[in-house]
Amino acid sequence: MEGRDREARRLALDWQKLALLTFLFTFGFNIYMGVFQNFFREVLHGDEVGLGGLESMREVPGLIAALMAGILVALAESRIAALGLAITGIGIALTGQATTFWGLTAITVFWSVGFHLYSTVQPAITLNLAKGVEGGMHLGRIRGIGSMATVAAYAIAYLVATPLLPRENYSVFFWGAGAAIFAAAIVSGTLSHHSSGGKRQRLIIRREYGLYYLLVFLDGCRRQIFMIFALFTLIKVYHTPLDAVLKLSLINALVSVFVSKSMGRLIDRVGERLPLTIYAIGLIVVFTGYATIPNATWLMALYVADNFLFGFSIGFTTYLHRIVRPGELTPCLAMGTTMNHVAAVTLPIIGALVWKATGNYQMPFFIGVGLAIVALTATLKLPKGHAGGTEVSVPDLEPSA
């Protein structure tokens with residue numbers, strides 16, 4: 001009994017540590033994301049082709065996520081996460097020191113290696129701690145904590161980013177972001193055995209996981225198009241200043257705080273097919289709007305709508321968790337990351353070149369409409385029914401009043 005109580009306390013402490021490292025990482029990363037495109041445009045004078053090329057190269061490490069996870073198979077997931085977070089923190093801290101496009105590219109690819117190590121194992125750590133029950137709710141709660149960190153990040157960035165802030169002081173944001181992420185690495189290194197899924201396979205390619213790989217590939221296609229070109233359209237075409245970009249990002253984060261846990265619970269209750277169908281249909285509407293509505297206010301509203309819909313993407317991970325064989329979750333997530341990044345490496349530069357060649361910023365979004373339609377067709381192949389799960393008592397990850 002004493003041993004069981006000790007393990008329960010250790011598990012509870014791991015949940016608290018996971019909450020803390022999630023907050024620190026997301027806080028730092030969103031400080032970076034909130035100012036990066038303005039930094040790229042205003043300081044380095046980059047254009048859409050430069051941004052597309054940079055993003056394509058940034059995603060190259062994601063192509064070898066499965067290989068990296070296989071090489072590090074002897075390490076527990078929490079140790080892989082700690083290594084990835086440390087690399088990410090160092091690289092992002094150095095971003096503000098870049099003075100040329102190629103210097104920025106080298107720094108970006110460096111931290112991207114760490115980012116993809118961490119992002120590959122983070123869902124597995126959450127599901128390992130969940131012990132096989134209510135995975136959607138737990139993923140939603142962790143995403144909700146990340147959303148609270150995002151609110152804090154954009155609020156602080158907005159307060160600091162005044163018209164009096166000299167351009168060269170963008171480095172202040174990047175140093176602070178890197179420090180927060182490096183602190184998350186330290187916390188990750190202290191997680192116990194509960195965060196590990198035990199013995200793992202190196203690489204997994206099975207036909208039974210084909211639908212999952214297809215869905216994450218298509219989601220990577222559409223996510224890259226929107227993540228890169230939606231905000232850059234507002235900045236370049238509609239001349240949206242940094243303070244307005246940060247306000248928009250803050251609204252997005254507030255929306256995520258309130259919807260993430262609810263979406264996770266919905267997926268646990270009804271399964272993945274209905275939420276992911278709503279997700280795909282919503283994306284068709286969002287992309288069509290960006291391709292046809294020449295109004296900045298409406299485009300900002302669609303930007304928030306996309307963020308709301310993104311909450312349903314938890315369903316990809318819970319679907320895999322439902323069908324995966326023992327010991328294969330982490331390598332399957334890694335292979336999913338690799339499939340996702342096949343699109344991430346190619347579409348940013350393709351979309352940028354199409355924009356440049358046609359002189360029409362709407363063209364990448366028309367491509368997005370087509371991809372969302374294909375994604376809807378694939379989503380309808382998901383099995384009907386709920387994911388199941390047993391009600392258990394878990395530590396409350398949200399701060400008390």
Side-chain angles (χ1 to χ4, degrees), residues 1-30 69 72-89 114-115 117-153 178-200 256-257 260-261 264-265 268 314 317-318 321 326-327 329-330 333 389-401:
M1 181 64 72
E2 182 180 346
R4 186 177 300 176
D5 290 341
R6 183 169 57 252
E7 289 302 308
R9 288 193 298 270
R10 186 173 294 178
L11 177 59
L13 181 60
D14 278 344
W15 276 116
Q16 294 168 10
K17 289 178 178 179
L18 179 61
L20 176 59
L21 76 88
T22 299
F23 187 95
L24 288 168
F25 165 75
T26 313
F27 175 83
F29 194 70
N30 280 286
L72 299 172
V73 69
L75 292 179
E77 285 89 346
S78 60
R79 305 304 183 262
I80 296 175
L83 175 62
L85 287 166
I87 294 171
T88 306
F115 172 83
L117 279 175
Y118 168 70
S119 62
T120 294
V121 299
Q122 188 275 336
I125 292 173
T126 303
L127 293 171
N128 290 337
L129 292 178
K131 304 301 181 185
V133 293
E134 295 186 324
M137 184 193 74
H138 290 296
L139 289 168
R141 293 173 79 177
I142 291 299
R143 184 172 287 184
I145 290 169
S147 298
M148 288 188 286
T150 303
V151 171
I181 295 172
F182 196 85
I186 296 172
V187 176
S188 180
T190 67
L191 288 170
S192 78
H193 66 90
H194 287 291
S195 64
S196 174
K199 186 176 180 181
R200 304 193 305 272
S256 295
V257 167
S260 293
K261 187 192 297 186
R265 285 175 171 166
D268 283 334
I314 293 171
T317 305
T318 60
H321 194 222
L329 178 60
T330 296
L333 288 170
T390 306
E391 187 71 30
V392 295
S393 175
V394 297
D396 192 351
L397 295 178
E398 297 181 356
S400 57

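None of these values were measured; they are calculated from a predicted model. Because only heavy atoms are used, hydrogens play no part in the values below, and waters and symmetry mates are left out as well, while side chains stay in.
Across all their heavy atoms, A185 and A86 have their closest contact at CB-N, 3.5 Å. Taking both residues in full, the closest heavy atoms of A81 and I125 are given as CB-CD1, 4.0 Å, listed atom of the first, atom of the second, then distance.
Here OG1 of T190 is found 8.0 Å from CZ of R79. Values are rounded to the nearest 0.5 Å. Here the straight-line distance linking atom OG1 of T26 with atom CD1 of I181 works out to 9.0 Å at 0.5 Å rounding. Of the inter-residue distances, the one linking I314 atom CD1 with H321 atom NE2 reads 14.0 Å to the nearest 0.5 angstrom. Taken from CG in L13 to CG in L191, the straight-line distance is 8.5 Å, to the nearest 0.5 Å.
Proximity of a side-chain donor or acceptor of T88 to a complementary backbone N or O of F115 within less than 3.5 Å is detected.
For T150, the side chain to side chain donor-acceptor pair (under 3.5 Å) partners are N30, not counting sequence neighbours. Checked against side chain to side chain contact (heavy atoms under 4.5 Å, CB included), L24 has the following partners two or more places apart in sequence or in another chain: L20, A183, A184, V187. For F27, the ring pair (Phe, Tyr, Trp, His ring centres under 6.0 Å) test picks out no residue, with sequence neighbours left out.
Classified by interplanar angle (parallel below 30°, tilted 30° to 60°, perpendicular above 60°), the ring pair Y118/F25 is tilted.
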